[in-house]
S.K.: 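Here's a structure for you.
Naming: A, B, ... by sequence-line order, numbering from 1 per chain.
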Amino acid sequence: MADKYGRKRENLLHILQGIVEQERYLSDVALTEVARELDLSAAQVYGTATFYTFLDTEPRGKYVIRVCRTISCDMKGKNRIIQAIEDALKVRLGETTQNNKFTLLETNCMGWCHEGPAMLINDQAYTNLTEEKVIEIINDYAKNK
Amino acid sequence: MTYKKLKRIDLIFHEDCDCSQVLEKTFRKSNDEIINDILESGLKGRGGAGFPTGLKWKFTAEQPSGDRFVICNADEGEPGTFKDREILFKVPSKVFSGMAVCAKVIGAKKGYIYLRGEYRFLLPQLTKALDVFHKEIKDLLDFEIIIQMGSGAYICGEESALFESMEGKRGEPRNKPPYPTVAGFMNKPTVINNVETLVYAFMICKHGPTRFKELGTSDSRGSKVFSVSGDTPIAGIYELELGMSLDHFVEEFGDGDTKAVQVGGAAGFCVPRKKFKDTIIGFEGVPTGGSMKVFNSSRSMYNVLHNYLEFFEEESCGQCTPCRVGCQQLIKGIEAVKKGEQKAAYLDQLMKLSETMKLASKCGLGQSVANSFSSIVDNFREEMIY
Ligand SMILES: Cc1cc2nc3c(=O)[nH]c(=O)nc-3n(C[C@H](O)[C@H](O)[C@H](O)COP(=O)(O)O)c2cc1C
Ligand code: SF4
Ligand code: FES
């Protein structure tokens with residue numbers, strides 16, 4: 001990663017983003033390695049990583065589901081969507097399925113308020129969700145991806 | 001006061017123009033002439049603060065020689081705002097062209113688009129459009145645009161936090177001054193503009209300042225892209241002339257039962273029905289970065305406020321105490337009043353706390369919590385208690 005993005009401080013975020021894209025999270029080993037490569041302290045690297053919601057430092061599933069919890073999506077029933085996902089995947093908010101395929105999280109407004117409730121699965125946005133629709137989407141991921 | 005009637009405008013999304021041709025024509029003018037056109041148009045920043053765009057460019061251009069940068073702020077994190085996504089999706093080359101004009105005027109060779117992580121799905125398409133654009137302007141200008149991704153932090157939309165983030169650090173706002181025009185990204189003179197601002201700047205180059213200036217009011221020239229959501233049958237993105245009253249807005253977008261509109265997102269102001277008539281949408285009245293959330297009478301304004309406060313508490317960078325602790329106290333405070341653990345008069349103490357946050361916080365996040373807090377508590381006091 002450091003070879004790809006360069007070893008300057010301003011490359012740190014690119015490197016961390018690159019690792020998360022591949023591994024879905026930043027392990028302690030990865031963080032220490034990055035610190036060594038960029039000649040920064042581990043605390044600096046860790047401090048930077050933990051600042052950003054999308055730079056997870058805990059293990060995550062292959063697919064990270066982030067349901068918007070902000071007001072427009074809340075008004076359109078995001079709680080029902082979360083409930084439906086929890087039931088379908090047998091996890092609670094914040095948890096990862098046993099097969100490490102899905103992690104269910106909440107996130108703040110993601111710019112789809114006119115089509116709420118909305119969620120992201122990794123980079124992909126899904127909008128105008130209903131309970132049926134979200135189950136269909138999850139099933140599709142479970143079977144085909 | 002007289003208000004403008006609600007009027008739909010079609011400047012930004014309309015007409016697929018030949019951007020390089022417009023750039024070529026624009027570049028025949030001197031830098032001073034271009035800056036004067038932007039100044040003359042009255043364009044103010046569309047990212048929230050409303051600073052005159054021409055002045056920002058002028059101040060940066062006047063800095064002693066050396067590296068300088070133009071940055072497009074595409075962090076769009078304000079709850080209820082989604083117009084920059086649509087602009088980047090539909091007319092990316094106009095955004096690039098606006099950056100190119102700015103680059104020419106201030107003498108920047110590099111520009112960056114700081115794109116929020118939630119919009120990563122736009123990246124392949126933007127990269128492609130950017131390749132085409134770079135080829136088109138090759139003979140016109142020595143200028144390159146790089147896209148930098150954010151990673152999920154509202155505060156990184158604040159300009160100095162955005163620079164920190166671009167430098168690979170925690171997105172913690174800096175002290176001001178120095179302002180970005182003097183010391184921005186990498187401590188070099190930097191113009192940072194919202195996506196929409198850059199497109200309007202380009203449209204002003206294309207049509208001349210008059211067409212823009214004719215729209216809006218003396219304080220709020222031109223049109224603006226609004227993101228409308230909540231209890232409205234026609235949620236979506238609309239370009240409207242500035243200076244309309246909220247009354248006219250609600251007539252068009254409400255569901256017939258509108259009790260309040262939150263103008264400007266969580267950092268903005270809540271306007272109750274009885275004030276719709278006297279509220280003008282623009283810099284002279286209630287300003288907005290574009291977010292318009294409509295609430296009907298079925299909604300609990302307590303829930304709305306609680307949701308906003310949770311948002312702020314989570315997104316506060318935690319760097320300064322008034323903001324970090326204040327957000328927590330406000331949430332706990334309204335919860336306690338709601339549960340009856342505190343008397344209603346406690347709300348006044350909380351309002352004072354939010355005013356203190358306005359004065360003592362380091363950046364716009366902590367400073368603006370009081371906007372929604374006071375306007376909701378003031379106007380919907382009973383809903384906070386019962
Ligand atoms: C907490 C906070 C978040 C902000 N988020 C954004 C944002 O997402 N997009 C934006 O353009 N400006 C945002 N701003 C405003 C920027 O700091 C800056 O004023 C703006 O990018 C300047 O561009 P303009 O002059 O074109 O409006 C934010 C400000 C604060 C205090
Ligand atoms: S006001 Fe809040 S967000 Fe801004 S610097 Fe202080 S703690 Fe950070
Ligand atoms: S409130 Fe959910 S996307 Fe904006």
Side-chain angles (χ1 to χ4, degrees), chain A residues 5-18 20-21 26 34 38 40 43-56 64 66 68-76 78-79 105-116 118-128, chain B residues 76-86 116-123 148-156 164-172 185-186 227-232 234-237 262 265-266 291 293 295-296 298-299 303-308 310-311 314-315 317-318:
Chain A
Y5 293 106
R7 286 184 166 70
K8 291 207 199 105
R9 173 73 198 233
E10 61 267 30
N11 305 122
L12 176 59
L13 226 55
H14 303 147
I15 297 173
L16 298 179
Q17 287 168 344
V20 169
E21 208 170 325
L26 297 160
V34 171
L38 268 67
L40 295 167
Q44 273 174 316
V45 175
Y46 187 77
T48 305
T50 50
F51 187 85
Y52 297 93
T53 320
F54 285 8
L55 298 181
D56 287 307
V64 181
R66 297 176 202 268
C68 173
R69 71 171 140 225
T70 307
I71 191 70
S72 291
C73 291
D74 184 78
M75 285 159 63
K76 302 281 182 228
K78 63 100 182 162
N79 283 335
L105 302 171
E106 273 187 323
T107 193
N108 287 328
C109 179
M110 38 190 250
W112 291 97
C113 331
H114 57 323
E115 295 180 5
M119 70 175 179
L120 287 173
I121 300 185
N122 294 353
D123 298 339
Q124 185 66 43
Y126 295 90
T127 63
N128 288 318
Chain B
E76 188 162 68
E78 190 59 55
T81 319
F82 37 92
K83 44 110 190 160
D84 293 339
R85 171 177 53 70
E86 187 85 348
R116 69 184 305 209
E118 289 83 346
Y119 293 170
R120 187 181 274 276
F121 68 94
L122 284 172
L123 193 56
Q148 168 126 11
M149 295 304 306
S151 262
Y154 166 66
I155 192 59
C156 289
E164 291 287 305
S165 175
M166 282 189 41
E167 292 170 16
K169 301 179 218 153
R170 293 164 67 88
E172 288 173 350
F185 177 50
M186 301 305 254
S227 316
V228 186
S229 69
D231 294 312
T232 162
I234 47 170
I237 293 144
Q262 180 81 15
S291 173
K293 292 216 184 197
F295 301 111
N296 71 19
S298 76
R299 303 297 171 184
N303 286 349
V304 172
L305 180 60
H306 197 271
N307 191 285
Y308 286 159
E310 279 180 336
F311 173 82
E314 239 205 35
E315 298 291 348
C317 82

S.K.: Just give me the residue among S72(A), A125(A), C113(A) that pairs up with chain B most often, heavy atom to heavy atom, under 4.5 Å.
M.R.: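 Greatest number of close heavy-atom pairs with chain B: C113(A).
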
S.K.: For the candidates E115(A), Q124(A), R9(A), which exhibits the highest count of non-hydrogen atom pairs separated by less than 4.5 Å from chain B?
M.R.: R9(A)

S.K.: Just give me the residue among H14(A), K8(A), R66(A), Q44(A) that pairs up with chain B most often, heavy atom to heavy atom, under 4.5 Å.
M.R.: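 The answer is H14(A).
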
S.K.: Using the six-membered ring of Y119(B), assess whether NZ or CZ of R116(B) lies under 6.0 Å from its centre and within 45 degrees of the ring axis.
M.R.: yes

S.K.: Which one, M149(B), R85(B), E167(B), leads in non-hydrogen pairs under 4.5 Å with chain A?
M.R.: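 Greatest number of close heavy-atom pairs with chain A: R85(B).
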
S.K.: Measuring heavy-atom distances to chain A, does Q262(B) have an atom under 4.5 Å in its side chain, in its backbone, in both, or in neither?
M.R.: neither

S.K.: Do the side chains of E21(A) and R120(B) get close enough for a salt bridge, i.e. N-O under 4.0 angstrom?
M.R.: yes

S.K.: Indicate yes or no: does E310(B) engage R69(A) in a salt bridge with an N to O separation below 4.0 Å.
M.R.: no

S.K.: Closer than 4.0 angstrom, basic N to acidic O: yes or no for D231(B) and R299(B)?
M.R.: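 Salt bridge between D231(B) and R299(B), a charged N being under 4.0 Å from a carboxylate O: yes.
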
S.K.: Is a side-chain donor-acceptor pair under 3.5 Å present for Y52(A) with S165(B)?
M.R.: yes

S.K.: Identify which of T50(A), L12(A), N108(A) forms the greatest number of heavy-atom pairs closer than 4.5 Å to chain B.
M.R.: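 Max contact count across the listed options: N108(A).
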
S.K.: Using side-chain heavy atoms (C-beta onward) and a distance below 4.5 Å, is M119(A) in contact with W112(A)?
M.R.: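 The answer is no, as the side chains (C-beta and beyond) never meet within the 4.5 Å cut-off.
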
S.K.: Can you tell which of A266(B), S291(B), S229(B) has the highest number of heavy-atom pairs within less than 4.5 Å of chain A?
M.R.: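 Looking at each option in turn, the highest pair count goes to S229(B).
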
S.K.: Considering only heavy atoms and a distance below 4.5 Å, find which of E86(B), Q148(B), R170(B) pairs most often with chain A.
M.R.: R170(B)

S.K.: Name the member of G117(B), A153(B), G80(B), G168(B) that forms the most heavy-atom pairs with chain A at distances under 4.5 Å.
M.R.: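 Heavy-atom pair counts peak at G168(B).
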
S.K.: Identify which of F295(B), Y154(B), F121(B), Y308(B) forms the greatest number of heavy-atom pairs closer than 4.5 Å to chain A.
M.R.: F121(B)

S.K.: In Å and rounded to the nearest 0.5 Å, what is the CD to CZ distance from E10(A) to F185(B)?
M.R.: 6.5 Å

S.K.: Considering only heavy atoms and a distance below 4.5 Å, find which of G236(B), G77(B), S298(B), G265(B) pairs most often with chain A.
M.R.: G236(B)

S.K.: Counting only heavy atoms closer than 4.5 Å, note whether K293(B) contacts chain A via side chain, backbone, both or neither.
M.R.: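 Only the side chain of K293(B) comes within 4.5 Å of chain A.
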
S.K.: Quick check: do H114(A) and V228(B) have side-chain heavy atoms less than 4.5 Å from each other?
M.R.: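 H114(A) does not reach V228(B) side chain to side chain.
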
S.K.: Could you tell me which of L13(A), T70(A), V20(A), I15(A) has the largest number of non-hydrogen atom pairs under 4.5 Å with chain B?
M.R.: T70(A)

S.K.: With a 4.5 Å heavy-atom cut-off, do E76(B) and E118(B) have their side chains touching?
M.R.: no

S.K.: With a 4.5 angstrom heavy-atom cut-off, is it the side chain or the backbone of D74(A) that approaches chain B, or both, or neither?
M.R.: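 The side chain, not the backbone.
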
S.K.: Contact part of I71(A) toward chain B, heavy-atom cut-off under 4.5 Å: side chain, backbone, both or neither?
M.R.: both

S.K.: Quick one: which of G47(A), G116(A), C109(A), G111(A) has the most heavy-atom pairs under 4.5 Å with chain B, could you say?
M.R.: G111(A)

S.K.: Could you check if a side-chain atom of Q17(A) sits within less than 4.5 angstrom of a side-chain atom of Y5(A), using non-hydrogen atoms only?
M.R.: no

S.K.: Is K76(A) in contact with chain B via its backbone, its side chain, both, or neither, using a 4.5 Å heavy-atom distance?
M.R.: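 For K76(A), the contact with chain B is made by the side chain alone.
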
